[in-house]
Amino acid sequence: MRRLSNTVIGFLNLFSLLASIPIIGAGLYMAKDSTTCENFLQTPLLVIGFIVLIISLAGFIGACFYVAWALWVYLVVMLLLIIVLMVITVFSFVVTSQGGGTQIPGRVYREYHLQDYSPWLRARVKDPKYWNNIRGCIFGSKTCAKVATWTPVDYLRNDMTPVQSGCCKPPTSCTYGQDPVMMVQDPDCYKWNNDPNLLCYECDSCKAGVLESIRRDWHKLSVLNVVMLILLIGIYSIGCCAFQNTRRAETDYPYGHNRMTKVRPRWDFYWWRWWRDRREQLW
């Protein structure tokens with residue numbers, strides 16, 4: 001039974017080794033296809049795929065062939081992966097704790113405001129370099145084309161995604177056709193344009209809608225990260241047992257040989273023996 005941990009680690013790493021192949025393939029496919037929003041995921045997928053491949057290969061070789069240094073590398077990288085995943089999970093919960101949108105009376109959908117989100121997310125989405133890429137991604141996905149044919153009744157009955165609510169229409173509070181001097185309106189009301197290529201893509205509400213989509217996705221990933229952390233900690237514990245078994249396998253002698261070469265007494269052995277003899281003499 002003492003080799004059971006090696007067998008379990010071997011099988012687990014064999015499965016993860018096979019699972020890394022489609023992850024790397026998906027990353028390479030997204031790198032080739034640059035017309036969809038999924039191309040933003042290509043670098044993380046490739047990095048994760050290669051890390052899983054290397055870790056799984058080291059763990060499989062070390063556990064099945066009793067290679068101590070391979071298991072040592074496997075455990076070190078696994079520990080770093082657990083720490084990094086824990087930091088990312090805590091960070092994502094902190095960053096995405098704000099937001100959620102505001103319910104509009106008489107409407108199913110919500111509207112989103114940029115100031116409701118964390119400063120770190122706002123700084124990322126306000127950067128023109130990032131926003132131009134995100135805007136091109138939204139425009140290429142034809143998100144607003146799905147609501148272009150809606151009637152006023154549809155706006156009352158149908159729900160919208162955060163991106164559709166923020167990018168495809170002006171804020172509900174906007175009032176057009178009246179004297180702008182006599183009214184104080186949301187600045188996004190003046191950024192709205194009927195041109196399908198412009199719409200409200202430069203509005204703060206559009207950026208807020210993107211952040212809301214990111215927030216929801218990060219919440220789902222955070223739950224998945226917690227589950228992965230529990231599994232990784234369990235696998236790491238089994239890996240430590242497998243490492244100990246491998247170290248024993250490297251130092252075990254053949255059956256029937258005496259494995260004791262010399263006895264090394266503890267540092268206080270002679271002092272303790274002198275004190276014992278001295279006490280016996282006194283008594």
Side-chain angles (χ1 to χ4, degrees), residues 16 19-20 23 26-27 30 36-52 54-55 75-104 109-138 141 143 159-167 171 186-188 200-237 239:
S16 60
S20 67
I23 295 176
M30 291 179 183
T36 64
C37 300
E38 294 177 348
N39 66 327
F40 293 105
L41 300 175
Q42 63 188 25
T43 301
L45 278 178
L46 288 175
V47 171
I48 292 174
F50 280 111
I51 290 177
V52 171
I54 295 173
I55 294 177
L75 291 176
V76 170
V77 178
M78 276 282 289
L79 181 60
L80 293 176
L81 183 61
I82 290 174
I83 294 174
V84 171
L85 191 59
M86 190 176 299
V87 171
I88 292 175
T89 302
V90 174
F91 176 76
S92 63
F93 273 119
V94 172
V95 169
T96 60
S97 61
Q98 305 177 34
T102 303
Q103 186 66 52
I104 305 300
Y109 57 83
R110 290 174 174 263
E111 290 188 344
Y112 307 92
H113 306 282
L114 194 58
Q115 64 270 17
D116 293 340
Y117 295 88
S118 68
W120 187 86
L121 286 177
R122 293 203 305 266
R124 300 283 80 75
V125 81
K126 285 183 177 180
D127 190 337
K129 179 179 66 175
Y130 290 103
W131 181 247
N132 289 334
N133 291 333
I134 296 173
R135 174 181 174 176
C137 175
I138 298 173
S141 64
T143 300
D159 196 5
M160 290 185 178
T161 65
V163 174
Q164 288 174 337
S165 175
C167 305
D186 191 317
D188 286 343
C200 214
Y201 291 133
E202 294 300 328
C203 298
D204 287 347
S205 61
C206 185
K207 298 175 182 178
V210 171
L211 292 184
E212 178 62 22
S213 297
I214 294 174
R215 190 186 74 89
R216 294 180 181 182
D217 292 338
W218 278 23
H219 266 295
K220 297 176 183 177
L221 289 176
S222 298
V223 175
L224 180 61
N225 286 343
V226 172
V227 177
M228 287 298 298
L229 273 174
I230 296 174
L231 292 177
L232 287 177
I233 292 174
I235 294 174
Y236 183 81
S237 302

Could you check if a side-chain atom of Tyr117 sits within less than 4.5 angstrom of a side-chain atom of Ile214, using non-hydrogen atoms only?
-> no

Any chance you could measure Lys207, atom NZ, to Cys200, atom SG, to the nearest 0.5 Å?
-> 10.5 Å

Is there a side chain to side chain contact (heavy atoms under 4.5 Å, CB included) between Val77 and Ile54 once you walk through the steps?
-> CA-CA 9 Å; Val77 178; Ile54 295 173; over 6 Å; no

With sequence neighbours excluded, what pairs up with Arg135 under the side-chain hydrogen bond (donor to acceptor under 3.5 Å, both in side chains) test?
-> Glu202

Tell me, please, which residues at least two apart from Gln103 pass side-chain hydrogen bond (donor to acceptor under 3.5 Å, both in side chains).
-> none

Check: Asp188 side chain, Ser205 main-chain N or O, donor-acceptor pair, under 3.5 Å = yes

Could you walk me through whether Val226 and Phe93 pass the side chain to side chain contact (heavy atoms under 4.5 Å, CB included) check?
-> CA-CA 11 Å; Val226 172; Phe93 273 119; 4.3 Å; yes

Non-hydrogen atoms of Arg110 and Gly100 that approach each other most closely | CD-O, 3.6 Å

Sequence neighbours excluded and cut-off under 3.5 Å, please list the side-chain donor-acceptor pairs for residues 82-92, or say none.
residue, atom, partner, partner atom, Å
Thr89, OG1, Leu85, O, 2.7
Ser92, OG, Ile88, O, 3.2
Ser92, OG, Thr89, O, 2.7
Ser92, OG, Ser222, OG, 2.7

Donor-acceptor pair, Asn133 side chain versus Lys129 backbone, under 3.5 Å?
-> yes

Using only the SG atoms, decide whether Cys206 and Cys167 are less than 2.5 Å apart.
-> yes

CG/Asp116 to CG/Leu211 distance, rounded to the nearest 0.5 angstrom?
-> 10.5 Å

What residues, two or more places apart in sequence or in another chain, satisfy side chain to side chain contact (heavy atoms under 4.5 Å, CB included) together with Ser118?
-> Val95, Gln98, Trp120, Leu121

Supply the atom-to-atom distance Ile134 CD1 to Tyr201 OH, rounded to the nearest 0.5 angstrom.
-> 13.5 Å

Quick one: closest heavy-atom pair of His219 and Thr96, and the distance?
-> NE2-O, 3.2 Å

Under 4.5 Å between any side-chain heavy atoms of Val125 and Trp131, yes or no?
-> yes

Inter-residue atom distance Leu75.CG - Ile55.CD1, 0.5 Å rounding = 10.5 Å

Nearest 0.5 Å, what's the CD1-CD distance between Ile138 and Gln164?
-> 10.5 Å

What residues form a side-chain hydrogen bond (donor to acceptor under 3.5 Å, both in side chains) with Thr143, not counting sequence neighbours?
-> Ser141

Return the set of residues passing salt bridge (charged side-chain N to carboxylate O under 4.0 Å, His left out) with Arg215 (not counting sequence neighbours), or none when no residue passes.
-> Glu212

